[in-house]
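The sequence lines fix the lettering, A, B, ..., with proteins before strands; numbering per chain opens at 1.
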4 protein chains.
Amino acid sequence: MQRRMPPSPGRLGRPRSAAADEAILDATRAALVDLGWSKLTLGDVATRAGVAKTTLYRRWAGKNELVVDAVAVLFDELELPDKGSLAADIEGVVLQFAAILDRPETKTALMAVVAESTRDEPLRERIRTSIVDRQKRLVLEGRARAELRGELPASSDPHTAAATADLIFDVAAGAVVHRTLVSAEPVDAEWVRRFTALLLGGLAAASH
Amino acid sequence: MQRRMPPSPGRLGRPRSAAADEAILDATRAALVDLGWSKLTLGDVATRAGVAKTTLYRRWAGKNELVVDAVAVLFDELELPDKGSLAADIEGVVLQFAAILDRPETKTALMAVVAESTRDEPLRERIRTSIVDRQKRLVLEGRARAELRGELPASSDPHTAAATADLIFDVAAGAVVHRTLVSAEPVDAEWVRRFTALLLGGLAAASH
Amino acid sequence: MQRRMPPSPGRLGRPRSAAADEAILDATRAALVDLGWSKLTLGDVATRAGVAKTTLYRRWAGKNELVVDAVAVLFDELELPDKGSLAADIEGVVLQFAAILDRPETKTALMAVVAESTRDEPLRERIRTSIVDRQKRLVLEGRARAELRGELPASSDPHTAAATADLIFDVAAGAVVHRTLVSAEPVDAEWVRRFTALLLGGLAAASH
Amino acid sequence: MQRRMPPSPGRLGRPRSAAADEAILDATRAALVDLGWSKLTLGDVATRAGVAKTTLYRRWAGKNELVVDAVAVLFDELELPDKGSLAADIEGVVLQFAAILDRPETKTALMAVVAESTRDEPLRERIRTSIVDRQKRLVLEGRARAELRGELPASSDPHTAAATADLIFDVAAGAVVHRTLVSAEPVDAEWVRRFTALLLGGLAAASH
DNA sequence: ATATAATCGAGACGGTACGTCAAGTCTTCTT
DNA sequence: AAGAAGACTTGACGTACCGTCTCGATTATAT
């Protein structure tokens with residue numbers, strides 16, 4: 001969780017309050033729920049957190065960075081449950097992802113920071129390390145587990161394997177995001193079943 | 001293309017300048033390219049368009065509505081080319097979509113308005129009618145053409161057919177958007193080939 | 001009552017509505033009562049009068065000129081009643097003047113246009129001819145009547161006589177205005193009696 | 001000198017810049033000279049003062065309050081010079097008052113705020129305490145000094161004395177204001193001499 | 001214990017953009 | 001030509017946040 005200035009060189013002076021950090025991130029999520037991304041103001045977050053605006057700016061460079069950090073922790077709960085089959089595993093994790101994305105904090109904030117990141121490379125990097133890579137890891141774990149189970153052949157060419165993982169990731173994450181935010185339809189069990197069937201069928205066909 | 005006040009009931013008074021409309025939308029796209037979504041200001045757009053701020057506010061309710069209209073026309077060029085096979089058709093249209101999405105105006109603005117739309121139902125509706133439905137139509141046309149060619153069986157259950165079209169749409173649009181904006185990787189011929197193979201393979205497998 | 005353009009050169013086309021004039025001046029007075037000088041807008045006046053803004057601007061150059069005309073007619077009712085003695089005459093006219101000045105239309109507007117006129121010579125001229133000279137005439141009439149009655153000696157030096165009339169006018173009008181607007185105290189019979197005594201005493205003393 | 005928010009209760013936070021106050025009032029007077037009351041804008045004043053508009057609004061509620069404060073200090077120089085006789089004292093102070101009123105800052109602003117004050121009681125109170133009472137004090141001092149000199153009998157009934165002082169004040173201030181602003185004639189030595197003769201003659205006659 | 005130094009809450013600061021309002025002009029159709 | 005209607009340009013309004021700064025007051029380590 002990157003900060004503006006690593007506060008560390010010598011350690012003279014009063015140390016930064018650890019409690020303030022959590023209070024600020026909590027306040028940020030609460031403000032996102034109440035106000036949405038565009039009406040959230042750092043002054044309001046500071047007030048909610050019981051903290052001065054300077055304290056906030058000492059730790060984060062701006063709204064984007066703060067919100068990324070506030071939302072990132074929500075993705076920590078994502079994990080790949082072992083449900084016995086690749087299809088069931090995928091359905092489980094897609095449902096988890098959809099559940100996180102359906103929260104008001106996430107829904108309003110995630111696409112906003114992604115939009116900002118198209119003109120702010122450091123922000124994109126922060127999003128990648130804090131949020132995206134955490135999801136991508138699940139794809140790799142899922143593949144590895146499926147290979148162990150014998151549901152998928154061991155990956156031969158590592159280049160092809162990586163490209164396939166990227167593709168699966170863009171397809172899965174993209175589909176869930178698009179259905180949730182653009183189509184504004186629920187990602188329910190029925191939809192997930194159909195999506196998983198499509199994905200696995202496509203993978204099987206593509207591996208010939 | 002909805003406006004703030006349908007200007008028309010009787011036709012008393014001076015009519016609204018039609019030229020101003022185009023000037024404003026052009027200026028909006030130019031400002032998006034130069035400044036990006038978050039730094040675009042309506043005052044600046046008005047200045048670029050050679051128009052007073054009030055003229056702008058008379059026609060659009062705010063930044064969101066204006067940007068949706070400005071970006072929407074870019075999607076008008078999307079069409080389903082007949083390249084002889086379903087796979088080729090899909091690849092063609094996906095590449096077209098990716099090309100539009102890769103433009104600076106679109107890249108910076110589209111996700112931003114989608115993010116806003118999570119808290120603004122009329123805005124979501126406007127996005128849907130101005131942009132999304134225009135793309136969705138292509139999915140339906142592609143299916144119809146493929147059935148004519150005999151590449152796909154005639155759709156039996158209309159409910160299932162509709163759900164499948166929705167799924168394909170979310171998968172295709174979502175994957176392209178995610179790869180472009182989140183992964184920030186190019187949607188090139190190679191990627192489109194792999195994606196199309198996955199999609200068609202999945203469809204074939206799912207239809208058993 | 002000067003207008004912007006004497007509408008007269010040839011008399012082609014539709015003639016100006018005479019009714020509009022009265023409607024506009026009435027609306028102006030009503031708006032002054034409701035809103036005061038600074039919040040009065042010409043658009044609102046036009047609406048109240050049931051008239052288009054263009055009609056209003058065709059006849060008056062702006063807010064100042066319009067208000068002067070609207071208020072001026074109120075001073076038409078000023079007249080010098082013959083109450084038998086100079087003192088009684090003065091008391092009567094001062095009370096009349098104070099009554100007009102105490103109306104909400106007048107109170108809020110008169111000093112405002114005078115303030116404007118310090119930087120607008122044509123406006124000052126319009127105020128003088130429309131309002132001030134109408135009052136000054138009363139001073140001259142009063143003096144003439146008093147000389148006829150033998151209460152004052154016939155004016156010898158015309159220069160001195162004119163200067164004295166000016167002085168009396170500034171003193172009387174100024175005192176009433178100041179008491180009404182600045183001191184915000186009522187100009188009642190008691191005050192008028194004391195003021196008149198002061199004025200006449202001073203005149204008598206000064207004529208030795 | 002009242003402000004919008006008495007900034008004082010605790011002394012937390014950064015204190016208000018004292019230099020800004022003077023800069024703003026100076027800029028206000030300069031803008032009055034250049035533009036006059038009605039064309040003066042707070043944005044322009046802020047720019048002239050090298051200050052942000054918000055700083056200005058933090059301290060004054062609006063144009064009226066600001067201008068009253070800016071003009072009020074000019075009246076601080078008013079004082080009652082001891083010239084040996086009541087007549088000479090009055091002439092001196094009337095000339096001083098006329099000189100202040102003849103300044104472009106004062107001429108354009110004073111009647112304007114008085115006009116506004118007819119619909120704004122707090123503004124009238126501010127004018128009274130900041131400007132008017134400062135002048136009225138001179139009348140009382142003048143009377144006291146004249147009684148000491150034996151030029152006037154000691155005031156017997158305090159009620160009558162107060163009423164007389166008020167009357168003198170309205171007459172003197174009103175006459176000077178009216179001659180300066182309405183008649184637009186100079187308050188020169190000759191006029192002051194005649195006015196003083198009238199006033200003192202009237203007072204003497206009224207005291208019998 | 002006593003500097004030294006970075007933190008803290010509070011709030012003023014110079015800016016920028018907001019969205020609205022009124023002024024005064026212009027363009028259309030109607031009278 | 002005048003009229004009503006209403007769009008037009010211009011420019012000021014007063015507010016909201018931005019991100020920085022200046023205070024006095026804590027709260028640590030380093031002398």
- Give the minimum heavy-atom separation between C:A109 and C:W37, together with the two atoms involved. CA-CB, 4.5 Å

- Item | Atom pair distance, as rounded to whole Å: OH in D:Y57 and P in F:dA12 | 12 Å

- What integer distance in Å separates C:R59:CZ from F:dA4:C1'? 13 Å

- Query: Between B:R58 and E:dG19, is there a side-chain N or O to OP1/OP2 distance below 4.0 Å?
  - Reply: no

- Would you indicate, yes or no, if F:dG6 has its OP1 or OP2 atom less than 4.0 angstrom from a side-chain nitrogen or oxygen of B:R16? no

- Message: Just to verify, what does B:A30 make a side chain to side chain contact (heavy atoms under 4.5 Å, CB included) with, not counting sequence neighbours?
- Response: B:R48

- Message: Rounded to whole Å, please give me the gap between CH2 in A:W60 and C1' in F:dC18.
- Response: 18 Å

- Between F:dA7, E:dA23, E:dG9, spot the one nearest the side chain of A:T55, thanks. E:dG9

- Query: Quick one: CH2 on C:W60 to OG1 on C:T55, what's the gap to the nearest 0.5 Å?
  - Reply: 10.5 Å

- Nearest-nucleotide check on DNA chain E, A:S17 vs B:D44; residue mapping nearer the 5' end is A:S17

- Message: Need to verify one output field. Residue with the more 5' nearest nucleotide on DNA chain F, B:T54 or A:K63?
- Response: B:T54

- Is any side-chain N or O of D:R14 under 3.5 Å from a base N or O of F:dC21, one able to act as donor and the other as acceptor? yes

- In whole angstrom, give the distance that lies between atom NZ of D:K39 and atom P of F:dC13. 14 Å

- For atom CG of C:D21 and atom C1' of F:dA2, their distance in whole Å: 13 Å

- Task: Would you kindly give the CG-to-C1' distance between B:L42 and E:dT20, to the nearest whole Å?
- Result: 13 Å

- Note on the structure: When C:V51 and A:P15 are each assigned the nearest nucleotide of DNA chain F, the 5'-most assignment goes to C:V51

- Item | Carboxylate-amine/guanidinium contact C:D69 C:R126, below 4.0 Å | yes

- Message: Between P on F:dA5 and CG on B:L12, what's the gap in Å once rounded to a whole number?
- Response: 7 Å

- Message: For C:S38, give me all partners under side-chain hydrogen bond (donor to acceptor under 3.5 Å, both in side chains), at least two apart in sequence or on another chain.
- Response: D:E116

- Task: Look at the side chain of A:K53 against the base of F:dG19 and say whether a donor-acceptor pair falls under 3.5 Å; ignore hydrogens and angles.
- Result: yes

- Could you state the atom-to-atom distance from CG of D:L56 to P of F:dA12 in whole Å? 15 Å

